[in-house]
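Structure first, commentary second.
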There are 2 protein chains.
Amino acid sequence: MAKLSHQPLYRQVVREVLSRIEAAEWRDDEPLPSETELGKNFGVSQGTVRKALDELVVEGVLYRRQGVGTFVAGTSDFLARSRFTPLTGVGGEAPKFELLGCVRINAGEQLAEVLGQRRGAVLWQVRKLIRVAGAAVGLEEILLPERSFPDLDMRRVRELKGNVPELCWRDYGVRLKDGEVRYRAVPAAQAEARLLQVEVGEPLLQLVRLSRDFDGRPQVWSVAWLKTERDAFEPATSAEQD
Amino acid sequence: MAKLSHQPLYRQVVREVLSRIEAAEWRDDEPLPSETELGKNFGVSQGTVRKALDELVVEGVLYRRQGVGTFVAGTSDFLARSRFTPLTGVGGEAPKFELLGCVRINAGEQLAEVLGQRRGAVLWQVRKLIRVAGAAVGLEEILLPERSFPDLDMRRVRELKGNVPELCWRDYGVRLKDGEVRYRAVPAAQAEARLLQVEVGEPLLQLVRLSRDFDGRPQVWSVAWLKTERDAFEPATSAEQD
DNA sequence: AAGTGGTCTAGACCACGGA
DNA sequence: CCGTGGTCTAGACCACTTC
């Protein structure tokens with residue numbers, strides 16, 4: 001492997017592996033070649049390959065099974081990996097999602113800027129209801145620029161059960177990283193109040209995320225409103241990707 | 001280094017380094033011996049030492065400066081490392097803390113169980129007001145069992161500016177890990193409303209944490225109420241420890 | 001038994017910071 | 001200049017899973 005730029009070798013291996021995944025050389029849950037074999041292909045040692053794969057495992061791109069192999073991880077949503085747990089005690093339940101709709105809207109000024117679009121740009125708005133143990137506990141709104149994700153429609157979203165990162169990846173080759181999450185407590189507006197069966201003005205936990213691709217370009221904006229009367233929200237950590 | 005248990009070598013190095021830090025062999029912001037030297041002391045190679053130190057850097061116990069050395073990181077509070085940021089845009093401000101008091105209370109049933117104490121056990125309650133740009137935006141309550149932290153008093157808490165992890169570490173030799181955080185949105189009660197200058201019932205972001213020591217024993221329980229009308233809460237990630 | 005990830009070594013060289 | 005962290009190698013062996 002040639003020494004491009006001044007990046008360490010293992011970083012170049014990271015990039016190379018990523019781009020081969022993007023080229024669909026290895027698909028989800030398919031094993032990569034062994035570390036020693038990859039090393040031969042790339043002209044580096046097994047240890048260097050290992051260090052590169054370590055990074056991608058932490059990033060959640062790959063997962064390993066000892067004695068078996070290294071596999072491409074299916075993309076999954078941050079919210080889907082998080083849990084709703086009682087305040088004390090362990091465990092908690094994973095949320096389930098119910099697709100509400102997928103419509104076009106126009107970006108406001110701030111939203112356009114955040115997503116790197118021009119003002120008034122067309123965005124897809126995907127809305128999902130979040131259920132835990134059957135009860136509606138949250139609402140999620142996901143916004144994607146039509147420019148980057150043309151010809152989206154309800155059917156394609158539904159096929160993947162509303163898994164937007166998976167959709168971006170499979171249909172558009174855009175692999176999303178988990179974005180940083182920001183938290184607020186806000187009063188329920190009418191729309192949320194009706195869907196979540198709470199009074200207008202009741203406190204809701206609001207999660208705001210900007211997801212970027214692996215090149216750092218902002219791609220997807222999402223806002224969720226969660227009812228946390230019964231169960232608290234416990235975010236997924238990057239370590240427990242699988 | 002003898003092969004105790006069936007732990008890999010580098011994990012034993014991790015434990016050894018941790019216990020030497022606990023024994024105050026190296027103090028905060030003092031450099032450890034070089035990786036090669038540690039390797040000689042422990043009878044392992046530099047690579048193995050490095051892998052061990054990698055873990056402790058991720059955990060936030062150590063930090064490195066290229067070309068200089070590896071240092072013991074001062075303990076700091078999760079909240080103090082987090083930021084309050086506008087919903088869109090970057091940056092954001094670090095919070096400042098104002099110590100309100102330190103009193104004794106009795107543990108309720110649940111709290112006693114979570115902290116592994118008997119019902120009615122005596123706990124210290126440390127309360128802090130959280131300010132951002134001068135404005136009061138939050139209230140934090142920290143609870144520590146008197147049994148594990150005897151002879152605590154306001155003076156000692158004040159000396160360390162309310163930095164509880166630092167207090168536990170310096171005065172009691174208990175090194176706290178960042179606990180998992182759980183989030184809720186709750187209506188402001190009278191006490192919070194008065195201190196934060198909001199109406200009773202206004203939505204507040206509630207953070208609940210159980211911090212454990214490096215042996216996994218629960219040590220400190222803390223609850224914070226945050227006003228997020230203006231700025232959202234952006235939690236510290238374990239990676240950006242320094 | 002064979003093949004995979006997981007660990008470890010000894011030795012080498014590079015990049016950086018400080019004297 | 002030296003000593004530090006940071007990277008890399010070739011080769012070895014172990015632990016685990018699968019056949």
Side-chain angles (χ1 to χ4, degrees), chain A residues 1-17 20-21 25-27 29-73 239-242, chain B residues 1-17 20-21 26-27 29-73 239 241-242:
Chain A
M1 181 155 283
K3 184 144 191 181
L4 304 173
S5 61
H6 277 233
Q7 293 271 32
L9 252 186
Y10 75 88
R11 288 223 130 278
Q12 298 176 46
V13 173
V14 166
R15 296 181 66 88
E16 185 59 28
V17 170
R20 296 207 183 188
I21 293 176
E25 187 159 331
W26 312 300
R27 300 191 167 273
D29 301 307
E30 272 184 15
L32 273 56
S34 73
E35 293 176 351
T36 42
E37 189 153 347
L38 280 177
K40 273 181 206 154
N41 291 353
F42 295 152
V44 302
S45 72
Q46 175 265 346
T48 301
V49 171
R50 182 161 188 82
K51 184 154 189 179
L53 299 192
D54 278 347
E55 282 217 352
L56 290 167
V57 168
V58 169
E59 287 274 16
V61 175
L62 302 175
Y63 63 95
R64 287 197 263 233
R65 284 174 50 200
Q66 160 138 5
V68 184
T70 302
F71 303 81
V72 180
E240 67 191 31
Q241 185 83 349
D242 328 12
Chain B
M1 179 156 284
K3 184 143 194 185
L4 304 174
S5 62
H6 276 231
Q7 292 271 23
L9 253 186
Y10 75 89
R11 289 222 130 278
Q12 299 175 43
V13 173
V14 166
R15 295 182 66 87
E16 184 60 28
V17 170
R20 296 207 184 187
I21 293 176
W26 312 301
R27 302 192 166 272
D29 301 307
E30 273 185 15
L32 272 56
S34 73
E35 294 176 352
T36 42
E37 190 153 349
L38 280 177
K40 273 182 209 155
N41 291 353
F42 295 152
V44 301
S45 73
Q46 175 264 345
T48 301
V49 171
R50 183 163 188 80
K51 183 153 189 181
L53 300 191
D54 278 348
E55 282 218 351
L56 290 167
V57 168
V58 169
E59 286 274 16
V61 175
L62 303 174
Y63 63 94
R64 287 197 264 233
R65 285 175 50 200
Q66 154 129 243
V68 184
T70 303
F71 304 81
V72 181
Q241 185 83 352
D242 328 359

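Here is the naming used below: chain letters follow the sequence lines, and residue numbers restart at 1 for every chain. Values reported hereafter were calculated over all heavy atoms of this structure, with side chains retained and with hydrogens, waters and symmetry mates removed.
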Specify the separation, in whole Å, of atom [atom1] of [X] and atom [atom2] of [N].
X	N	atom1	atom2	value
Arg50(B)	dT4(D)	CZ	P	14 Å
Gln66(A)	dG5(C)	CD	C1'	5 Å
Tyr10(B)	dG5(C)	OH	C1'	12 Å
Arg11(A)	dC14(C)	CZ	C1'	18 Å
Arg64(A)	dT7(C)	CZ	C1'	12 Å
Phe42(A)	dT9(D)	CZ	C1'	17 Å
Leu9(B)	dT7(C)	CG	P	11 Å
Gln46(B)	dT7(C)	CD	P	17 Å

Of all the choices, dT9(D), dT9(C), dG5(D), which nucleotide is nearest to the side chain of Ser45(A) once you look at every atom?
-> dT9(D)
Who pairs with [X] by side-chain hydrogen bond (donor to acceptor under 3.5 Å, both in side chains), at least two apart in sequence or on another chain?
X	result
Thr70(B)	none
Glu35(B)	Gln46(B), Arg50(B), Arg64(B)
Glu25(A)	none

Side chains of residues 36-43 of chain B: which donor-acceptor partners sit under 3.5 Å, not counting sequence neighbours?
{"from": "Thr36(B)", "atom 1": "OG1", "to": "Ser34(B)", "atom 2": "OG", "distance (Å)": "3.1"}

Between Gln12(B) (side chain) and Gln7(B) (backbone), is there a donor-acceptor pair under 3.5 Å?
-> yes
With a non-hydrogen cut-off below 4.0 angstrom, is Arg65(A) in contact with a base, only sugar-phosphate, or nothing?
-> sugar-phosphate
Take Gly47(A) and Thr70(A), find for each the nucleotide of DNA chain C with the closest heavy atom, and name the residue whose nucleotide sits nearer the 5' end.
-> Thr70(A)
Residues touching DNA chain C, which here means a heavy atom under 4.0 Å, drawn from residues 32-41 of chain B | none
Sequence neighbours excluded, which residues qualify as ring pair (Phe, Tyr, Trp, His ring centres under 6.0 Å) partners of Tyr10(A)?
-> none
Within less than 4.0 Å of OP1 or OP2 of dC8(C), is there a side-chain N or O belonging to Lys51(B)?
-> no
The residue, Val68(B) or Gly67(A), whose nearest nucleotide of DNA chain D is more 5′ is Val68(B)
Mind checking the CG-CD1 spacing from Leu62(B) to Ile21(B)? Nearest 0.5 Å is all I need.
-> 5.0 Å
